[in-house]
Amino acid sequence: MVMQSKSLIFHALLFGLYQILKHKARKYPAFRERLGEHNCCVQLRTKDNSAGRYFLFENGRVKSKKGLHPWPDVEITFETADTAVQVLIAPRDFQGRIDLMKNFRLGLAGSESLITWFMELLSLMQSADVLLNGNYGTDLGNGVKRYTNLTTGGPAFVYVKDGKILRITPIEFDETDALPWTIEARGKRFTPPRKATVSQYTLAMKSLVYSPDRLLYPMKRVDFNPEGERNCENRGISKYERITWDEALDIVVNEIRRVKKQYGPGAIFCSHGSHHLFGYIGYWISALRRLTNAIGMSTCMNNPDSWEGWHWGAMHHWGNARRVGCPEPYSTVEDCLKECEMVVFWSSDPESTGGVYQAMEGTIRRFWLKELGIKVVHIDPYLNHTAGLLGGKWLSPRPASGNAMALAIAYVWMTEGLYNKKYVAERTTGFEKWRDYVIGKEDGIAKTPEWQESETGVAAKDVRALAREWGTKKTYLGVGGPGNMVGGACRAATGTEWARSMVCLMAMQGIGEPGINMGNLQFGTPLDTKFFFPGYAEGGMSGDVFGSEMFINMYQRMPQLFTMNTVRQLVPRLRIPEALMGEPCEAFMTAHSTTNEQFMKFGYPAPGHSTIKMYYKYGGSYIGTMNDTNRFVKAYRNDKLEFVVNQSIWNEGETKFADIILPACTNFERWDIGESGNCGGYNQNSFLGLNHRLMAIQHKCIEPLGESKSDYDICYEIAKRLDLGIYYSEGMSEYDWCRRLFEGTDLPKVISWKKFLRKGYYVVPALPEDRRDPVALRWYADGEKKNTPEAPPAPCDYVGNWLEGIATQSGKIEFECSSLKRFDPNDPERPTITKYIPSWEGIHTKELYQKYPLQLITPHPRYSYHTHSDGKDSFINDIKDHRSFIEGYYYWIVRLNPEDAAVRGIRDGDLVKVFNDRGVVICAAQVTRRVRPGVAHSYESSAKYEPIGEPGYSPDRAGCMNLLTPSRNIIARSHSHAANSCLVQIEIWKEERT
Amino acid sequence: MKKWHMVIDVERCEDCNCCFMACKDEHCDNDFAGYSQRQPRHGHRWIDISRKERGSGSLTDVFYMPLPCMHCNDPPCATKAKNNAVTKRDDGIVLIDPEKAKGQKELVSACPYGAIFWNEEINTPQKCTFCAHLIDDKWKAPRCVQACPTGALQAVFVEEEEFRKMINKEGLQVYKPDLQTDPNVLYKNLDFFTKAFIAGSIAKSVDGISDCVEGVLVTLSKDGKKIRNIVTDNYGDFKFDGLEENSGTYVISIRADNFEEKTIEVRLTESIYLGDIYL
């Protein structure tokens with residue numbers, strides 16, 4: 001009886017499906033067109049044939065009949081009628097559907113292209129009212145539609161008229177949006193404005209979308225013939241010809257098959273930049289990852305590039321592996337405003353780097369420091385933009401002088417008793433050993449302010465004054481732009497010891513006590529951390545439970561097929577050139593969950609694996625962003641690397657080294673979804689850098705330019721050709737995935753999908769005051785259990801009881817690191833206590849220093865999000881402090897002190913060459929007092945690479961400063977870069993201009 | 001009659017260029033019939049930011065001054081324009097009619113603030129429009145103001161009387177008042193960009209150890225008259241700001257407990273950091 005009724009329901013539902021198909025075909029010409037793409041028969045039936053209905057697609061029309069067709073092209077088979085009803089009646093129960101597929105109760109048979117076509121048709125049928133009616137966004141009249149989108153520099157409204165982007169603006173909240181929080185401190189009330197800020201590069205994005213450098217169609221290098229001569233040595237100088245998508249993808253897929261057959265696992269390698277145009281479905285850890293897992297590729301082991309010294313050094317003092325060696329940020333804004341008396345910004349320029357993705361949200365908060373009379377000090381070789389804006393005391397140490405100043409500060413505290421003795425005694429271990437080193441008992445050298453002066457160039461009296469003030473005032477230490485992590489000083493030969501000493505200084509002062517913490521108001525706002533929305537690191541639709549942060553939440557909240565890359569070969573990112581040339585190399589692992597992971601060494605090639613034969617390069621440009629990058633250029637031009645495909649949006653950087661170029665589109669040309677500033681995983685709750693939590697649907701604002709496609713669609717097309725179409729897409733379009741992700745968050749509790757689509761964004765109300773999160777590390781200072789709202793160290797990382805203490809062997813902050821004692825207590829590069837170790841490229845490397853007497857620092861660029869908005873004829877190029885327009889070309893800028901300029905006969909605006917043994921870069925000189933003598937400042941991340949002669953062997957005039965930086969690891973036992981230990985010389989560029 | 005003004009706080013400008021990018025976003029590739037035609041992709045600076053560095057060594061500071069069209073009450077461009085090509089609206093906004101102004105390249109040099117640019121492609125002079133097309137569509141402010149993250153740029157729509165009050169209360173200044181064009185764009189804290197400072201760091205040396213000296217009374221005098229006192233902070237720093245560049249000779253006198261009074265003569269050209277001054 002039940003079976004019979006299920007059969008009836010089965011038929012009724014399929015009859016209903018038939019009616020909907022006809023209805024949509026009548027209503028939407030575009031749907032009719034899709035329907036007309038194939039003539040075929042699609043049969044749906046139960047396994048025992050007891051129930052069935054087929055659909056006949058013929059010449060653009062669909063007919064359907066109950067029963068079985070003799071020769072269907074596609075068969076969708078349900079184990080029983082019950083199974084069928086379950087799927088059809090609950091189309092949004094994806095866990096249910098996946099269960100059925102995994103347990104073989106739902107089967108698909110037939111040609112790949114027809115199956116995928118039919119699934120796409122069903123998907124479009126359900127989303128037609130939105131996608132084909134344009135039923136999303138806000139109609140403003142006069143033919144103008146307002147959409148929403150997210151960028152690396154904040155959320156934005158996108159106004160579109162006649163299919164073109166009219167303007168991109170910040171989002172100002174309306175009367176229905178949540179009210180902001182207020183912090184009461186010292187008799188004043190502080191409330192942020194009801195809007196979301198954006199970075200300047202977000203405002204320039206229209207010029208990126210409509211850039212003359214956009215790749216509009218697939219291309220093939222003219223002298224590359226996959227069947228014949230490949231001419232690998234010509235990469236970088238060849239011309240390109242336009243080909244069709246079919247031609248391009250056929251070559252790519254044929255090469256995938258050939259290389260796997262010929263060489264075995266590991267022969268295909270994929271790498272991409274660290275960041276991406278914003279959006280979780282389109283992210284490299286989502287759409288690209290599902291494809292690379294499905295194909296099986298060598299994985300790029302990313303060195304912890306932003307964090308280096310924190311990862312390889314600081315982590316040993318206090319764990320925090322889940323935050324790459326850095327501390328949590330909770331409620332530090334409130335604590336700072338209420339309690340703190342001074343903020344020391346050390347290698348910290350949040351006005352320039354926006355805390356990574358937090359646009360200009362922190363700017364207004366830092367003005368409150370002035371209102372409260374909280375003093376600020378800035379330590380940076382360059383008078384950076386935060387220092388310029390806020391004023392305060394500026395100390396300018398030499399680059400790569402590492403922890404010399406910090407040790408001297410510790411010396412003053414130790415000898416004058418200006419530290420928290422109780423905290424040191426009860427919450428730390430190993431202090432005595434470090435103290436003996438600092439005061440000179442161990443090596444006979446007292447690390448006095450006088451001692452550090454010869455290393456840093458900062459007057460002893462000033463360091464002593466700072467130490468005394470710091471030691472007598474409740475002080476926040478803001479390290480790096482975000483205030484609790486990264487910072488240029490950690491990316492130098494002295495980066496490990498610098499970061500270590502930052503932890504030790506804060507341990508002496510009692511980090512976690514009121515008014516004493518790491519931060520600079522860039523992170524730690526009182527937002528609702530309990531409302532669930534993932535970050536991009538949580539894997540999107542990748543299916544990669546173990547290779548992404550999906551295991552934290554999303555594998556349960558957004559059930560999807562599980563994907564797995566069985567190729568176990570890792571390629572160290574910093575040794576990619578060597579790997580591409582088939583040379584063996586080794587490196588240390590980047591730790592993600594526990595400190596000891598970083599002691600594990602791995603080698604390339606992995607045992608039994610092939611070296612790289614095919615490079616699937618995804619966007620970006622290592623040439624402007626990695627170290628010693630002439631190596632990358634040379635690596636492309638060797639014939640061991642048989643095939644290079646580059647999937648990019650613009651023709652820049654490395655694109656011109658590819659054999660096949662696949663044109664991708666920007667986020668404005670496709671669908672996506674996300675939360676502003678939310679990384680997840682390695683940077684949990686990073687939305688705490690914003691004044692409001694804001695999630696947005698990233699509307700498809702315009703059609704993709706030319707023949708460009710979304711990354712998702714490109715990957716899907718490749719997958720289809722390997723019969724992996726359904727495995728890749730699960731029958732979903734990009735839009736469908738956005739809705740699926742939405743349903744896995746807490747948003748459906750507060751806003752419907754329809755409303756979300758129309759309005760575009762949702763602002764999460766801040767927590768009421770009495771439910772705000774506890775202050776970062778207050779629990780630790782108080783000797784209580786960890787009570788901050790994030791995934792703590794794994795239970796097994798606790799030496800005592802769960803949540804008591806931190807993930808070190810003693811359970812406490814260790815001045816003498818037990819992890820290092822275990823690993824190698826005699827490593828001169830990383831002693832068990834933090835010591836001063838002069839830079840291996842700096843003022844003490846006499847011979848080199850004589851040749852190249854300027855210390856170059858290359859911080860993250862201010863005006864472009866890494867390479868994102870640089871070059872490409874973007875508006876950003878017109879910013880005076882980004883590039884200088886001289887003699888018809890936009891030159892990158894190098895900043896030097898008037899003294900150094902005068903000696904070299906260099907005036908402001910002169911074209912100069914910056915050079916060392918690794919390369920030559922031609923720049924425009926900016927003579928400025930903001931840089932101390934002996935130092936040159938130039939941002940990294942040029943998007944363009946334009947050698948004036950042979951690639952890899954001639955000066956670059958586009959501004960890739962990274963051609964000059966060293967490729968040596970900070971310490972041998974790491975996989976790290978020391979960009980800010982770089983000696984150069986600068987001279988007027990007299991050579992012939994092309 | 002309410003009028004539009006812009007108030008620009010030099011102390012709050014950090015050269016983020018959000019204003020400049022917002023302006024380009026609005027006006028590149030967009031024609032607004034009756035208001036403006038598109039500006040070229042590169043080359044125009046309808047809001048132009050200048051940098052001023054002062055001092056040297058550890059007492060260096062940097063300030064920025066954004067300069068849009070001044071929307072003068074007595075605009076020289078309007079005077080020079082032929083054809084009624086330039087109009088001043090009742091709400092104070094000055095607009096160049098893109099059709100009527102065709103060919104009038106001389107308008108570029110007519111503006112003493114350099115706020116007018118030539119568009120070769122369409123043969124028309126162009127400048128900041130205060131985003132009049134948006135203002136007339138009920139936007140609260142032009143694009144630059146909307147994009148500014150520090151509040152350095154503010155659009156103020158008030159009666160003249162109220163604006164006078166604001167000028168007095170906040171010490172607003174005209175940039176280059178000698179040009180006498182009566183701008184509607186005024187500056188706050190302009191002195192950081194136009195005036196100079198004399199600064200120094202007081203230190204002492206005892207038994208070969210140098211230390212900063214806090215609490216020292218430093219007096220600035222000119223022509224025998226005392227101008228101001230500053231007490232040094234814990235770095236021994238003092239900074240007398242707001243002085244006219246090239247204003248002659250000043251005398252710094254330093255009085256610290258247990259030390260002889262010290263006097264230094266300073267001939268002020270541009271801002272100067274005297275460096276370490278040892279007692």
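These numbers come from a predicted model, not from an experiment. All chains are named by letter (A, B, ...) in the order of the sequence lines, taking the proteins before the strands, and each is independently numbered beginning at 1.
Remark: Thr353(A) pairs with His860(A) by the side-chain contact (heavy atoms from CB on, under 4.5 Å) rule, at least two apart or across chains. In this view, Phe367(A) satisfies the ring-ring contact (aromatic ring centres under 6.0 Å, His included) rule with no residue, not counting sequence neighbours.
A cation-pi contact, defined as under 6.0 Å to the ring centre and within 45° of the axis, links Arg146(A) to Phe157(A).
Residue Ile49(B) touches chain A through its backbone alone, counting heavy-atom pairs closer than 4.5 Å. For a residue to count as touching a neighbouring chain, one of its non-hydrogen atoms must lie under 4.5 Å from one of that chain's; by this rule Asp15(B) touches chain A with backbone and side chain alike. Interface remark: Glu361(A) contributes no atoms to any contact with chain B (heavy atom separation under 4.5 Å). Residue Leu466(A) touches chain B through both its backbone and its side chain, counting heavy-atom pairs closer than 4.5 Å. The part of Arg468(A) that comes within reach of chain B is its side chain, from C-beta onward, which places non-hydrogen atoms under 4.5 angstrom from that chain. Contact annotation for Lys161(A): neither backbone nor side-chain heavy atoms come within less than 4.5 Å of a heavy atom of chain B. The part of Tyr159(A) that comes within reach of chain B is its side chain, from C-beta onward, which places non-hydrogen atoms under 4.5 angstrom from that chain. Of the two parts of Arg167(A), the backbone and the side chain both hold a non-hydrogen atom closer than 4.5 Å to a non-hydrogen atom of chain B. Residue Glu351(A) touches chain B through both its backbone and its side chain, counting heavy-atom pairs closer than 4.5 Å. Proximity to chain A (any heavy atom under 4.5 Å) is restricted, for Phe32(B), to the side chain, taken from C-beta onward. Only the side chain of Leu383(A) comes within less than 4.5 Å of a heavy atom of chain B; its backbone N, CA, C and O stay farther away. If you measure heavy-atom distances from Phe63(B) to chain A, you find no contacts under 4.5 Å at all. The part of Val377(A) that comes within reach of chain B is its side chain, from C-beta onward, which places non-hydrogen atoms under 4.5 angstrom from that chain. Proximity to chain B (any heavy atom under 4.5 Å) is restricted, for Asp881(A), to the side chain, taken from C-beta onward. Contacts between Asn234(B) and chain A at a heavy-atom distance below 4.5 Å involve backbone atoms as well as side-chain atoms. Neither the backbone nor the side chain of Glu214(B) has a heavy atom closer than 4.5 Å to any heavy atom of chain A.
Looking only at atom types and distance, the side chain of Asn246(B) has no donor-acceptor partner in the side chain of Glu270(B) under 3.5 Å away. In this model, a donor atom of one side chain and an acceptor atom of the other lie less than 3.5 Å apart for Thr386(A) and Asp349(A). No hydrogens or angles considered: a donor-acceptor pair under 3.5 Å links the side chains of Glu53(B) and Thr928(A). At a cut-off of 3.5 Å, with distance as the only test, a side-chain donor of Tyr278(B) or Ser210(B) sits close to an acceptor on the other residue. Side-chain contact check for Gln126(B) and Arg38(B): no donor-acceptor pair (N or O, by modelled atom type) lies under 3.5 Å. No side-chain donor-acceptor contact under 3.5 Å links Glu453(A) and Trp451(A).
The heavy-atom pair separating Lys24(B) from His44(B) by the smallest distance is NZ-O, 4.2 Å.
Looking only at heavy-atom pairs under 4.5 Å with chain A, the residue among Arg12(B), Arg41(B), Arg51(B) that has the most is Arg41(B). Among the candidates Ala22(B), Cys16(B), Pro149(B), Cys19(B), the residue making the largest number of heavy-atom pairs closer than 4.5 Å to chain A is Cys16(B). Residue with the most contacts toward chain B among His385(A), Arg366(A), Met205(A), Arg930(A): Arg930(A) (heavy-atom pairs, distance under 4.5 Å). Contacts with chain A were tallied for Thr60(B), Asp233(B), Asp48(B), Asp237(B); Thr60(B) has the most, counting heavy-atom pairs under 4.5 Å. Ranked by heavy-atom pairs shorter than 4.5 Å toward chain B, the options Thr197(A), Thr363(A), Thr202(A) are led by Thr363(A). Interface remark: of the candidates Gly151(B), Ser58(B), Cys13(B), Ser58(B) forms the most heavy-atom pairs closer than 4.5 Å to chain A. Chain A forms the most heavy-atom pairs under 4.5 Å with one residue out of Gly55(B), Ser56(B), Gly43(B), and that residue is Gly55(B).
In this pair, Tyr865(A) and His868(A) present their aromatic rings tilted. The plane angle is within the 30 to 60° band.
Proximity to chain A among residues 133-143 of chain B is limited to His133(B), Leu134(B), Trp139(B), Lys140(B), Arg143(B), judged by heavy-atom separations below 4.5 angstrom. Close approach to chain A, defined as a heavy atom under 4.5 Å from one of its heavy atoms, is seen in Ser201(B), Ala203(B) of residues 191-205 of chain B, taken by number.
Residues Ile893(A) and His882(A) form no side-chain contact, since every pair of their non-hydrogen atoms from C-beta on lies 4.5 Å or further apart. When side chains are defined from C-beta on, Ile252(B) does not count as touching Lys262(B), because their heavy atoms never get closer than 4.5 Å.
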**Message:** For a side chain to side chain contact (heavy atoms under 4.5 Å, CB included) check, start with the C-alpha distance between Arg45(B) and Leu67(B), then their side-chain angles and the critical distance, and finish with the verdict.
**Reply:** CA-CA 9 Å; Arg45(B) 293 180 188 279; Leu67(B) 188 102; over 6 Å; no

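Annotation for Asn142(A): atom CG does not count as buried by contact number, only 12 or fewer foreign heavy atoms lying within 6.0 Å.
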